[in-house]
Amino acid sequence: MPQITAPRGTRDLLPEEAVAFSHVESVSRDLARRYAFERIEIPLFERVELFARGLGESSDAVEKEMFRVGGARGSDEERAEWALRPEPTAGIVRAFIEHGMHVRPGPLRLTTTGPMFRYDRPQAGRYRQFSQWDVEVLGDPGPAVDAELIELAHRFYAEVGLSGVVAHVNSIGDAACRPPYREALVDHFRPHVERLGEDARRRLEVNPLRVLDDKALDPDLAASAPRSVDHLCEPCREHFAAVLALLDAVGARYEVDHRLVRGLDYYTRTAFEFVIAGREGQQQALGGGGRYDGLVEVLGGRPTAGIGFGIGLDRTVLAMDEQGVTVPPAGPLVAVVGFGDDHADRLRVAATLRDAGLAVRPDGTSRKLGKQLESAAKAGAGWAVIIGEELARGEVGLKDLATGGQRTIGVDEVATAVRG
RNA sequence: GUGGCCUUAGCUCAAUCGGCAGAGCACUGGAUUGUGGCUCCAGAGGUUACGGGUUCAAGCCCCGUAGGCCACCCCA
């Protein structure tokens with residue numbers, strides 16, 4: 001029988017790697033608390049139709065990266081119907097509408113974390129299953145929340161210990177000013193269509209803004225292309241100016257990137273992406289987001305402003321590795337060892353130490369003491385509690401595995417001694 | 001989805017011209033009769049990614065497949 005391996009584009013996070021993920025997740029959870037976001041949990045799969053409408057038919061995620069799944073019988077009809085989520089926003093907005101959450105006191109601040117799925121070709125930093133921390137604010141049209149979210153993401157990167165993260169920001173206008181801008185782009189590129197690649201030509205017809213996304217784009221043609229910020233209507237212009245002013249006010253680092261676009265009608269105004277210095281080109285985007293004031297309506301709800309971002313946890317951890325960022329050590333680990341078959345004593349003492357809040361690893365074997373101590377040290381224990389005759393007096397041996405020093409103390413004194 | 005490079009023990013890697021599959025680390029046991037780390041000794045660990053072909057003989061040559069990395073595309 002051939003060896004069964006992890007599915008392509010997925011990976012196992014072994015304990016050594018998983019600690020970094022746990023740490024990053026706990027940073028995100030604490031930030032979500034401090035920024036007053038409420039947790040929401042949504043399904044890992046939804047109707048394909050939801051993503052097609054929520055992300056746009058011409059987005060890469062829908063056009064070529066849908067991870068389709070079927071029911072137990074896996075008929076073609078079922079496979080056509082469902083897909084693993086490529087991102088969480090569409091599902092959250094679906095839930096918002098489905099449960100009438102617009103009646104809740106707003107603006108609503110929601111957060112979720114979990115795996116996302118995109119069926120594209122794996123590469124370092126790019127997986128078919130990857131984790132994202134996501135925040136969304138529904139019902140707040142003002143520029144302050146745009147700046148607050150960008151500042152929040154910056155704070156996240158800072159608190160996990162990353163440096164050199166820059167926010168690229170842009171404004172792509174709204175339903176009023178985007179159509180004329182789109183026309184201006186078409187007018188600019190159409191005369192030079194022979195200088196565009198195959199992909200860019202197709203985008204020019206389907207979704208002209210995304211021509212700017214094309215990295216193969218002729219540099220001169222790109223540099224001379226009309227900028228969205230020069231075509232904003234007055235309300236959009238004021239909104240963008242206010243966002244930038246607020247970013248300056250809170251000291252959030254950013255660069256205006258005129259080629260950053262979200263090319264769909266219900267994505268509006270502010271778009272942003274977080275990139276890390278030092279890895280030009282490949283997988284340098286650590287996270288991204290933007291405003292989607294038209295999305296709730298497109299999915300069948302009443303008009304509601306929306307904005308959010310997703311942060312890639314895999315890439316965050318990858319960047320931490322590259323920058324040599326270390327994860328804070330876990331609390332002290334105590335091993336409980338003993339002689340012969342005194343397992344009842346070991347378990348009782350372990351339970352007492354756990355009552356005091358310690359992490360405890362009792363040795364379940366009857367090996368000789370030396371092997372137990374060796375095993376304890378290899379498991380990462382900083383201390384060994386050695387049980388012997390003195391347990392009758394409520395005392396045990398406490399050995400510091402780093403220094404080798406040992407003394408006899410009361411069981412009820414161990415927690416204090418270990419925390420030192 | 002396209003192209004390039006790669007795949008030998010758990011990990012990092014050797015193996016001359018096609019001629020007995022190895023080392024270090026890690027793991028297990030012993031020296032040390034119930035106090036770890038150092039040292040020494042020993043052990044276990046392999047369908048050489050998978051499938052086929054050429055050959056007296058294949059880790060090595062040929063074909064195919066899978067997977068990894070890199071580039072493109074795009075994103076997180």
Side-chain angles (χ1 to χ4, degrees), chain A residues 1-12 14 16 24 55 58-65 85-89 113-134 153 168 197-200 202-203 210 212-217 260-263 271 273-276 279-289 309-319 335 337-342 363 365-389 397-406:
Chain A
M1 188 171 63
Q3 180 64 45
I4 297 173
T5 57
R8 184 166 204 196
T10 70
R11 60 201 179 126
D12 304 306
L14 305 187
E16 311 80 77
V24 163
L55 302 174
S58 68
S59 65
D60 277 6
V62 168
E63 205 170 55
K64 57 182 199 185
E65 295 168 4
R85 61 184 188 186
E87 56 86 56
T89 308
T113 298
M116 308 297 157
F117 304 86
R118 292 182 201 172
Y119 198 82
D120 56 1
R121 188 139 169 190
Q123 203 171 308
R126 193 176 72 184
Y127 307 99
R128 287 181 175 176
Q129 175 179 334
F130 58 98
S131 288
Q132 240 178 48
W133 173 43
D134 184 77
H168 284 196
E198 184 188 343
D199 209 37
R202 199 173 48 78
R203 288 178 185 177
R210 292 201 65 225
L212 294 173
D213 255 346
D214 187 359
K215 293 210 184 66
L217 190 59
L260 180 60
V261 296
R262 290 280 190 287
E273 200 168 290
F274 293 88
V275 303
I276 187 150
R279 38 175 29 231
E280 292 310 313
Q282 77 284 16
Q283 280 81 52
Q284 64 176 343
L286 296 185
F309 68 65
I311 281 178
L313 301 185
D314 304 79
R315 288 189 183 173
T316 298
V317 170
L318 189 66
V337 301
F339 301 101
D341 290 316
D342 61 346
D363 194 308
T365 73
S366 303
R367 295 176 291 182
K368 57 183 177 183
L369 196 61
K371 288 295 177 189
Q372 294 185 46
L373 289 170
E374 185 180 347
S375 170
K378 282 178 180 170
W383 303 84
V385 164
I386 302 169
I387 296 176
E389 312 235 324
L398 178 64
K399 186 179 180 71
D400 183 333
L401 290 173
T403 66
Q406 182 173 336

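Since the model is a prediction, treat every value here as computed from it, not as a measurement. To find a chain, count down the sequence lines: A is the first, B the second, and so on, and within it residues start at 1.
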For A:Y127 and for A:Y119, locate the closest nucleotide of RNA chain B by heavy-atom distance; then report the residue assigned to the nucleotide nearer the 5' terminus.
A:Y119
Assign each of A:P122 and A:G287 to its nearest nucleotide of RNA chain B by heavy atoms, then name whichever residue's nucleotide is nearer the 5' end.
A:P122
Length of the line joining [X]:[atom1] and [N]:[atom2], which is rounded to integer Å:
X	N	atom1	atom2	result
A:R11	B:G67	CZ	P	17 Å
A:R315	B:A76	CZ	P	8 Å
A:M116	B:C74	CE	C1'	18 Å
A:Q123	B:G4	CD	P	16 Å
A:K371	B:U33	NZ	P	12 Å
A:H168	B:C75	NE2	P	14 Å
A:D120	B:G68	CG	C1'	16 Å
A:K64	B:U2	NZ	C1'	11 Å

What are the two closest heavy atoms between [X] and [Y], and how far apart are they?
X	Y	answer
A:R8	A:P122	CG-CG, 3.7 Å
A:P86	A:M116	O-CB, 3.7 Å
A:D134	A:F309	OD1-O, 2.9 Å
A:A6	A:D12	CB-OD2, 4.2 Å
A:P88	A:Q132	CD-OE1, 3.6 Å

How far does the [atom1] atom of [N] sit from the matching atom of [M], given to the nearest Å?
N	M	atom1	result
B:G67	B:U8	C1'	16 Å
B:G29	B:C13	C1'	27 Å
B:C63	B:C69	C1'	23 Å
B:G22	B:U16	C1'	15 Å
B:A9	B:G46	C1'	6 Å
B:A15	B:A21	C1'	7 Å
B:U48	B:G59	P	7 Å
B:C5	B:C62	P	12 Å

Sugar-phosphate, base or nothing in reach of [X], heavy atoms under 4.0 Å:
X	result
A:G9	sugar-phosphate
A:R203	sugar-phosphate
A:G404	base
A:A335	nothing
A:Q406	base
A:D400	base
A:L313	nothing

Let's test this: given Watson-Crick or G-U wobble pairing with both distances under 3.5 Å, identify the partner of [N].
N	answer
B:C61	B:G53
B:C27	B:G43
B:C69	B:G4
B:U33	none
B:C38	none
B:A14	none
B:A9	none

Kindly indicate whether the side chain of [X] and the base of [N] share any N or O donor-acceptor pair separated by less than 3.5 Å?
X	N	value
A:R121	B:C74	no
A:R8	B:A66	no
A:R126	B:C73	yes

So which protein N/O to nucleotides 24-28 of chain B N/O distances come out below 3.5 Å?
{"unit_1": "B:U28", "atom_1": "OP2", "unit_2": "A:K378", "atom_2": "NZ", "d": "3.3"}

What verdict does the side chain to side chain contact (heavy atoms under 4.5 Å, CB included) test give for A:T316 and A:W133, after you've listed the backbone C-alpha separation in whole Å, the side-chain angles of each residue and the deciding distance to 0.1 Å?
CA-CA 11 Å; A:T316 298; A:W133 173 43; over 6 Å; no
Heavy-atom check, side chain of A:L373 versus side chain of A:K399, under 4.5 Å:
yes
Contact check, side chains of A:V24 and A:V317, non-hydrogen atoms, under 4.5 Å
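A:V24 vs A:V317: side chains touch.
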Decide yes or no on side chain to side chain contact (heavy atoms under 4.5 Å, CB included) for A:D314 and A:S131, but give the supporting numbers first.
CA-CA 6 Å; A:D314 304 79; A:S131 288; 3.9 Å; yes
Is A:F130 stacked on the base of B:A76, meaning ring centres closer than 5.5 Å and planes within 30 degrees of each other?
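Stacked: ring centres under 5.5 Å, planes under 30°.
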So which nucleotide from [options] ends up closest to the side chain of [X]?
X	options	value
A:K368	B:A76, B:G36, B:G34	B:G34
A:A124	B:G30, B:C75, B:C70	B:C70
A:L369	B:G68, B:C75, B:U35	B:U35

Please evaluate residues A:L398 and A:W383 with respect to the criterion side chain to side chain contact (heavy atoms under 4.5 Å, CB included), reporting the C-alpha separation (whole Å), side-chain torsions for both, the decisive distance (0.1 Å), and the verdict.
CA-CA 7 Å; A:L398 178 64; A:W383 303 84; 3.8 Å; yes
Tell me whether the OP1 or OP2 atom of [N] has a side-chain N or O from [X] closer than 4.0 Å.
X	N	result
A:Q372	B:G36	no
A:R118	B:G1	no
A:K399	B:G34	no

Decide whether a cation-pi geometry holds between A:R11 and A:Y127; the criteria are a distance under 6.0 Å from NZ or CZ to the six-membered ring centre and an angle within 45° of the ring axis.
yes
